[in-house]
Each structure stands twice: as structure tokens, then as C-alpha cells.
Amino acid sequence: MSLFATKPISQIVAEAEETGSHTFKKTLSALDLTMLGIGAIIGTGIFVLTGQAAGKHAGPAVIISMVIAGIVSAFAALCYSEFAASVPISGSAYAYGYGTLGEFVAWIIGWDLILEYAFGAATVAVGWSGYVVSLLRDTLGINYPLSLSAPPGAAIMAADGTQIGTGFFNLPAFLISIAVTLLLIRGIKESASFNSIIVIVKVVVVVLFIVAGIGYVNPDNITNQACPEALTGCVKFMPYGFSGVVTGAAVIFFAYIGFDAVSTAAQEAKNPQRDMPIGILGSLAICTVLYILVAGIMVGLVDYKSLTSAAAPIAVAIDAALKQAQGTTMGTILFVFPTIIKVGAVLGLSSTMVVMTMGQPRVFYSMAKDGLLPSWAAKIHPKFQTPHITTAITGSIVAILAGFVPISLLGELVSIGTLFAFVIVGTGIIILRSSNPALHRPFKVPLSPFIPIATVVSAAYLMNSLPLDTWIRLIDWMAIGIFIYFAYSYTHSNLAKVSDAAANAEVPASYTPPIAAIIAIVLCIALTLYQVPYLMGLKSEVIPINLGIRLFAWIVTGVLVGVLMYGKSDRAGARTATVQKVGLIASLINLAVWAGITYWFFAHFAELHAK
């Protein structure tokens, strides 16, 4: 088998249809899936990161950032829907990549998805902690120690920008991670039922914020461009320019992550061919409308600068509305709203954690079933029928990350990891249309290959807008994953046991490599060549390294896509010790090189990051 051997789609579908105590319990309806999607989407992104995106990157134009991120997500959601309906198996983009792009790329995706789900759950846990501490200190008057609400060394800031403490350990984030892990071990239906109840509460809170705040929006906070920017309450709509709006979209993109987590539950759906597209597209549509309204009202109620360091920006915004309404009947009504908002956010973020933490063990399960991870990672609890071992491991990782890592770093890593998965999914749809044209597709991406190409290019646009240190951390993470693949997964893969004839059976004799996939990656490279020097507002001396590292990633991606496409007609060739040895040495050298680049970069971090 070559590194790009694909898992037969027929085998993937057969595994999805297995029953018994060793498989998942099929209990989820279309409504359950939609609720899971909403539960995952409406979370830290809207309750926390929207304020940071407005304060640091986009200003009031965070509204446009929301629209841009929503469009990119819509493209990707269409691609996920076709995959989830045609190949209804847990594993999300990993399983789709294995059936279309080959084992090596599938491993990279699976490793990348850890950034999305495990790191994503940790990000949500940190956001949850912010609202809990605000509720305890500001609403209930409990003097909770600030040092136990932030990671080690983190400066704890008040809404006015003054430092009021230094973090030691984020205890609430750690504890909620453990609690959610125990719930998920108990069962998917119980978790889904809990999620559905909390989703209703969460949507009610968001709607209440919209209704309560809309009457107190100050237009000067949003659109007045005639007065000086430094004047409080009167700012430019795009104080950081359009490049800031795009960076804001890349950061706030985290807010939309979650609809793809629905696809990890495909094996637990009663009728996945019909219900998966409903769950994915329905949850995204509902949340996009709510997001744009919330972002507009939030930056309309307060000066966007006051949201920069706010742990609970919606609470800050509703407090501003309360001050304006004091002495009126509406003021009396609004008096209880800050408490309602905080309680709702705490409950809402809990449900987001459920879905994000649920996704990662199911990716591990699929990888272990394929032999790429040890077999114990595929064990299902005999009573609860959940992947209890990998859930416990995931929960432990999430708890540690949540306790020790800042939310801004976590959020950016989650965004770039998810956007990269979108690139792979968009490319995979194009290739699967050519490599398996006879596959039953209950849902098809319209206007293919144009929508998949748009998915790839728009995701690349947002990826390029993320900070360089985030790119370096992504590449470092991938370098570690490639080493693990050659050290263990290459020789333990179940595809090593498949005959050459079976490996090539599903590739039609008339297979022609789809040029659209290469076009998509070439467009990403061309976009990078233009975007980095001309659209990002970087100093001339830092453009070469910013451009070079991004181009390296895109060119390597293009080479992988080209090799797997044009080698697809022949999957023959047993695994050899030579290939493993060469791969292991090459991956070690690659890891050492990027360790050196990373050390050099962070030694000069302040200099390189200054615009």
C-alpha cells in the first residue's frame, strides 16, 4: 500500500451500518442533531471572543467579520453535508479524507482535528470560567480569588483596562472540563437531552440580549466616522482597516465551529442520510442570524475598546444598557438582565463543551478502528455504549489546557486547525466526485466544483489572516503528528492487510484526476502571494517570513494533493521497512528544523509581530 492508499468507501459505509454492543447506539433524530449543532456553535465565540475580535482587530466592523465568517462556514457546511449523508460514519473530516485523499492525509486531518475539538473544548471551558467568576464576584458578591480564574502569569484586567490581578490556575475551567467528561461517559442520549434543554435556555438568553439592548444602541459607537477616533463613544467603523476586519473574521470564526461536530455523531443518528444535512445546515443558518444581530448590538451599546479585555463582553454590554435605562420602567426590568445573561451564558457554554468534547473521542475511535491508533482507543463501554477510554483521555487533556493556557492562544489554534480541515473537506468533495461517481449521494453540493473551490479559497483567506505564531504552532503540531505516523501508524494500519486488487477495486478504470482540486490549491498560493504583502498591513521587513511560512504550507499541501491524485490509479505496493525508516528519519529532521525555526521566531517575537 502507498502512503496515499484510500479506505474503500464501501467498507466505510459497511462499518457505519454495523450493530451490536461494540458499536454506537443509534438514538439521535434530526432535531437532536440540529440542537447539537446549535449547542456547539453558540458558545465561547459569541459570549467571549466577539468582544476580543472587536477590541483588538475589527472594531465596530466586527459585524462584517461575522458575515464573512458565516459565508466561509456556509460553503464548508454544504461540503460537510454531502460527505455526512454519503459516508455516515463517526470521524468527521478524518473519515472523509481517508476515503478520498488517502491514509497519510487522513492521519494529518485526524491529528489536526485535535486542535479543533480538544483545544476547542478547552477554549469554551476558559470562557465558561470567565462568566462564572463574573457571576460570583459581580452579581452574588462572593469574593472568588482572581488568581484561580486565569492561567499562570496572565494579567487579569478590569473593563477599564487596569490590571487587577495575576493568574495562577484556572480552577473553574478545570472543574467544568471534568464534569462534562463524566457526563459524556454516561451516554450520548443523556448528553443530547441535557444539551437540548440548555440550547433552549441559551437561545432565549441571546434573544433577550437582542430585545433588551436594541433600544439603547448608540449609532455613534458604530458608524460615526467624522469625529476623532480617540473620543470615547465615537469611533471609525473600521478603525483597523479591512485587513483588521478579515483578521477579526478569522478569530471570530471560532464562533461558527460546531456544525461540523454534528458530523462526528453520524453513526449515532437514526437516519443519517436524511438527518445529517438538516442538522448541519439548519444549526448554522439559525446561529448566523443570531450572531450578526448580537455583534451589532454589542458594539452599539459600548465603545468597542472596552470589550478588548472583557471576560464577559455580553455582560459588559448589557450593563451599559442598564446604566442608560436607570430611573425608567425599562431600567427596573433590565436590572435583572445581567444576572440572567450570566446564568444563561454559564449554562450555554456548558452545552458547547458537551458537543466539542464529544467530537474528539469519536475521531480517536475511527482512527483506532483503522489501526492508526492502539486498539484500546476503539473500546466501547459495554453498558453506556460510549468510547469511555478516549473520552476520559480527551477530558483530561481539555482540563489541563483549560487550567494553564490563555483563551486567545487556544482560540486562534482552534480556528486555524478547523479552517485547514475545511480546505481538506472541500478538496475531498472534488476528488470523490471523480474517484467514486457511482456513490449514493442523498445530498449533493450545488454548483460543484465551484462551491468546493470557494470553500478551499475562502478558508485559505481566513487562515492567511491569522497571526504568524499561530501558523508556526500549526506546523509544529503537524510535524509532531507526522513523526507519530511513521513511528506507529504506518505499520499498524489495517490497510496494510488489504490486497492490492482490493485497494484498487473502487477506482474506476476511466478515472481522470480532477483538475479543479489542483486549481483550488493554486488559487490559495496565488491568494497568499497577493494577500500577505498587500492586504495585511505588515511592515516590509517582516513580509518575507510571513509570506515564506504560509507559502511553505500551501505548496506542501499542493504537492500532497497532486501526488495522491495522479497516483490514484495504482494503490499497489506492500508496506516496507525502508519506507518507514526513511519516513521516520525525514520526519525527525523536519521536526528538528521547525523546532529551530520556532525557537528563533519566539526569541524575536516582539520585533516580528510589531506592525
Side-chain angles (χ1 to χ4, degrees), residues 4 65 67-80 82-83 93 96-97 100-102 105 108-109 112 242-243 245-247 249-250 253 256 260 415-435 444-466 468 470-471 474-475 478 512-538 543-544 546-568:
F4 301 105
S65 299
V67 175
I68 293 173
I71 291 171
V72 174
S73 298
F75 288 149
L78 290 169
C79 295
Y80 267 94
E82 176 170 329
F83 266 131
Y96 310 150
T100 58
L101 303 178
V105 178
I108 290 175
I109 299 170
D112 170 67
F242 188 71
S243 64
V245 173
V246 177
T247 301
F253 178 79
Y256 287 92
D260 56 319
S415 289
I416 199 168
T418 306
L419 286 165
F420 183 65
F422 286 6
V423 169
I424 300 301
V425 168
T427 307
I429 284 290
I430 296 170
I431 294 176
L432 187 60
R433 289 286 183 96
S434 295
S435 64
K444 287 186 177 182
V445 176
L447 302 176
S448 182
F450 300 106
I451 294 295
I453 289 176
T455 300
V456 173
V457 175
S458 59
Y461 185 54
L462 292 188
M463 284 180 71
N464 285 339
S465 300
L466 286 165
L468 183 59
T470 305
W471 274 86
L474 173 69
I475 295 172
M478 292 303 170
T512 302
I515 192 64
I518 293 295
I519 289 175
I521 302 299
V522 169
L523 287 174
C524 291
I525 295 172
L527 173 66
T528 304
L529 287 168
Y530 179 73
Q531 183 182 358
V532 175
Y534 302 111
L535 300 181
M536 294 178 60
L538 300 172
I543 287 177
N546 274 273
L547 184 60
I549 287 178
R550 289 170 172 84
L551 280 178
F552 168 81
W554 290 123
I555 289 172
V556 168
T557 302
V559 170
L560 288 176
V561 170
V563 170
L564 69 91
M565 281 171 45
Y566 287 92
K568 199 171 187 68

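Within the 4.5 Å cutoff, side-chain heavy atoms of S448 are placed close to those of R433. Annotation: side chain of P452 is in contact with side chain of V445 (closest heavy-atom distance under 4.5 Å). In this structure, Y461 and V457 have side chains that are not in contact, with every pair of non-hydrogen atoms separated by 4.5 Å or more. Counting only heavy atoms from C-beta outward, the side chains of V245 and S65 approach each other to under 4.5 Å. Contact check for W554 versus V423: side-chain heavy atoms found under the 4.5 Å cut-off. In this structure the side chain of R550 reaches within 4.5 angstrom of the side chain of L468, judged on heavy atoms. Looking at L547 and L538, their side chains never come closer than 4.5 Å, going by heavy atoms from C-beta outward. By the 4.5 Å heavy-atom criterion applied to side chains, L527 and L523 are not counted as neighbours.
The two atoms that bring S465 and Q531 nearest to each other are OG-NE2, 3.0 Å, heavy atoms only. Taking each heavy atom of W471 and L466 in turn, the nearest pair found is CD1-O, 3.7 Å. Shortest non-hydrogen contact noted between C79 and G426 is SG-CA, 4.2 Å. For the residue pair A459 and L419, the shortest heavy atom distance occurs at CB-O, 3.7 Å. A pairwise comparison of heavy atoms in A517 and V561 identifies CB-CG1, 4.3 Å as the closest pair. Closest approach of L462 to A250, counting heavy atoms only: O-CB, 3.3 Å.
Within the 3.5 Å criterion, the main-chain N or O of L551 finds no donor-acceptor partner in the side chain of T528.
In summary, of the residues considered (I430, T427, V425), a side chain to side chain contact (heavy atoms under 4.5 Å, CB included) with V456 occurs for T427 alone.
Remark: I416 CD1 to L474 CG distance equals 4.5 Å, nearest 0.5 Å. In this structure, I68 CD1 and S458 OG are separated by 10.5 Å, a value rounded to the nearest 0.5 Å. Here the straight-line distance linking atom CD1 of I108 with atom CG of L560 works out to 5.5 Å at 0.5 Å rounding.
With sequence neighbours excluded, no residue forms a ring pair (Phe, Tyr, Trp, His ring centres under 6.0 Å) with F242.
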**OP:** Decide yes or no on side chain to side chain contact (heavy atoms under 4.5 Å, CB included) for L78 and T455, but give the supporting numbers first.
**Re:** CA-CA 9 Å; L78 290 169; T455 300; over 6 Å; no
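Contacts classified as salt bridge (Lys or Arg N to Asp or Glu O under 4.0 Å) and involving residues 552-561 (residues at least two apart or in different chains) are not found.
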